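Counting starts at 1 for both ligands and their atoms, in listed order. In this text, all values refer to a predicted model and were calculated from it rather than measured experimentally.
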Amino acid sequence: MKRREFLGVAVAGAGSLLPGCGGGGGPSGMPMMGGPLPPGGAALAQGLPLKSLATLANATPEAGRFSAALVAAPADLSLLQGRTTSLWLYNGLLPGPVVDVREGDHVRIALENRLPLDTTVHWHGLPVPAEQDGSPMDPVRPGATRIYEFDLPPGTAGTYWYHPHAHQTTAQQVSMGLAAPFIVRAGDDPLAHLPEVTMLVTGIRLDASGQVSPGTAMDFTVGRQGEQLLVNGGRLPVHSVRPGSTQRWRILNATSARYLRLSLDGHAFTLVGTDGGLLGAPVGPLSEVLVAPAQRVEIVVTASSTPGARFTLRAQRHAIDTMGMGTYAAEDLLTLATTAESPVGPLAVPSSLRPVASLGPAVARKRVTLTQSGMGMMAGAGSFLIDGRPFDMNRVDYVSTAGDVEDWEIANQTMMDHPIHVHGTQFQLVSRGSGGFATPAPYAAWIDTVDVPSGTTATIRMRQDMPGKRMVHCHILEHEDAGMMAVLEVRPR
Ligand code: C2O
Ligand code: CU
Ligand code: CU
């Protein structure tokens with residue numbers, strides 16, 4: 001009841017403000033959702049084999065150490081026939097190279113910034129010291145090189161990613177191509193017997209001249225719209241497997257704002273991992289899984305035993321606001337094709353994977369309110385805030401003590417869903433509530449980004465172990481850049 005009333009008011013407000021929107025594309029002022037293509041029929045090549053991603057080479061032979069160099073620089077790729085597209089890439093690759101390391105490793109990565117603006121590398125989801133976190137407080141100037149150095153503690157095995165996190169230009173830098181997976185492996189991985197595939201989903205939006213189109217006012221309101229989805233840099237790639245084979249898929253949502261409600265035609269799958277690694281036990285069979293921006297899932301898929309068949313992995317229609325501006329139409333992502341070979345038998349998934357430790361009772365409680373300035377969606381850039389305030393890196397918004405377990409109630413009073421991310425640690429969802437009712441999380445899982453739908457409250461339980469200043473923000477990158485971010489200061493005990 002409460003939610004409905006709130007939305008009614010908000011919808012009315014937005015309607016009256018609609019003409020003020022300068023960023024729309026269509027006659028109604030709304031951008032087209034299907035992904036605008038440059039005129040003249042030029043389109044991204046599609047249907048090529050799924051690329052396996054390049055791995056960032058380890059320059060040191062020493063056991064337990066990983067040392068490498070990343071260069072963030074402009075690069076021209078020919079994505080459209082007869083045209084080059086200017087991108088910003090890590091080591092010239094779209095997407096960037098995978099960092100593939102092991103629990104216990106000491107990681108040392110030098111970043112050279114050859115971009116025309118400040119950048120950083122943020123190691124999304126990893127428990128790195130605050131000064132190695134690549135936060136907006138720690139820019140790497142154009143022409144400068146910065147060495148990031150950190151350890152990967154036992155228990156961190158999982159699927160992470162890295163991306164720029166520069167003040168107010170994160171959305172732009174990611175839209176230009178800067179994002180890549182970061183995989184941490186465990187020595188005792190219970191799924192080591194499964195062949196695995198990493199699928200990094202990104203978006204690209206090109207203008208009529210084949211260049212990445214800049215963010216619009218609409219993008220800064222509801223998140224970047226109208227992108228074509230790419231998997232490992234390819235449009236609608238084909239992933240071929242022998243019929244009946246079982247694989248572990250690591251799927252990363254590196255889009256700016258596109259919620260991926262994934263389904264695979266004709267198949268159910270098993271969820272085995274989330275942002276921070278494996279679940280305690282497999283969950284499934286599932287017909288779909290929602291991967292919010294910045295989130296990752298690991299799923300186990302057993303392909304159809306029919307030879308020569310094709311199935312579509314797609315992102316189903318998903319509405320993230322109440323007016324349809326941030327509603328995403330169903331879109332195909334990839335084709336799973338079975339070869340003409342004879343089928344193989346499935347591989348088993350153990351019934352227990354890796355314990356997800358309980359954090360124990362919370363000793364403190366915080367409340368974070370997602371707010372909106374102005375009445376409607378169209379109030380303009382910067383209209384989504386945390387506790388009514390825009391980001392200020394010189395202000396401390398929350399204070400925690402290292403080692404304390406805390407419950408954070410994140411209440412979304414806006415008209416849109418927001419994926420809320422906290423740096424420095426993985427946390428667990430405790431419950432979701434709306435209209436006075438709370439539903440406990442169905443299973444324990446480590447996550448670093450929690451989707452908080454409009455009108456609901458998500459309660460997370462978290463412990464920060466390392467002192468320093470950490471970012472708390474919406475991972476719709478335009479919202480982050482427009483100020484939907486806060487500073488958590490973790491004080492030493
Ligand atoms: Cu993936 Cu603060 O970011
Ligand atoms: Cu992060
Ligand atoms: Cu948001």
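With a cut-off of 2.8 Å, the protein N/O/S atoms near the Cu ion (ligand 2) add up to 2.
If you look at atom 2 (Cu) of ligand 1, the protein N, O or S atoms less than 2.8 Å from it are His165 NE2, His423 NE2, His473 NE2.
Restricting His418 to its N/O/S atoms, the shortest distance to the Cu ion (ligand 3) is reached by ND1. Minimum-distance N/O/S atom of His479 relative to the Cu ion (ligand 3): ND1.
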List the atom pairs, with distances to 0.1 Å, where a side-chain N or O of residues 66-75 and a protein N or O form a donor-acceptor pair under 3.5 Å, not counting sequence neighbours.
none

*Step by step, would you call Arg296 with Asp448 a salt bridge (charged side-chain N to carboxylate O under 4.0 Å, His left out)?*
CA-CA 10 Å; Arg296 289 82 65 204; Asp448 54 53; 2.6 Å; yes
*Assess whether side chain to side chain contact (heavy atoms under 4.5 Å, CB included) is satisfied between Leu260 and Leu229, documenting all intermediate values.*
CA-CA 10 Å; Leu260 302 173; Leu229 297 177; 4.0 Å; yes
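Across all their heavy atoms, Leu111 and Thr120 have their closest contact at CD2-C, 4.5 Å. Closest non-hydrogen pair, Asp417 versus Ser454, comes out as OD1-N, 2.8 Å. In plain terms, the two heavy atoms of Gly177 and Leu89 that are nearest each other are O-CD2, 3.8 Å.
Taking a cutoff of 4.0 Å between a charged side-chain nitrogen and a carboxylate oxygen, Arg248 and Glu298 qualify as a salt bridge. Salt bridge present: Asp404 and Arg493 bring a charged side-chain N and a carboxylate O closer than 4.0 Å.
Distance check, rounded to the nearest 0.5 Å: CD of Glu480 to NE2 of His421 gives 8.5 Å.
For Arg470, the salt bridge (Lys or Arg N to Asp or Glu O under 4.0 Å) criterion is met by Asp133, not counting sequence neighbours.
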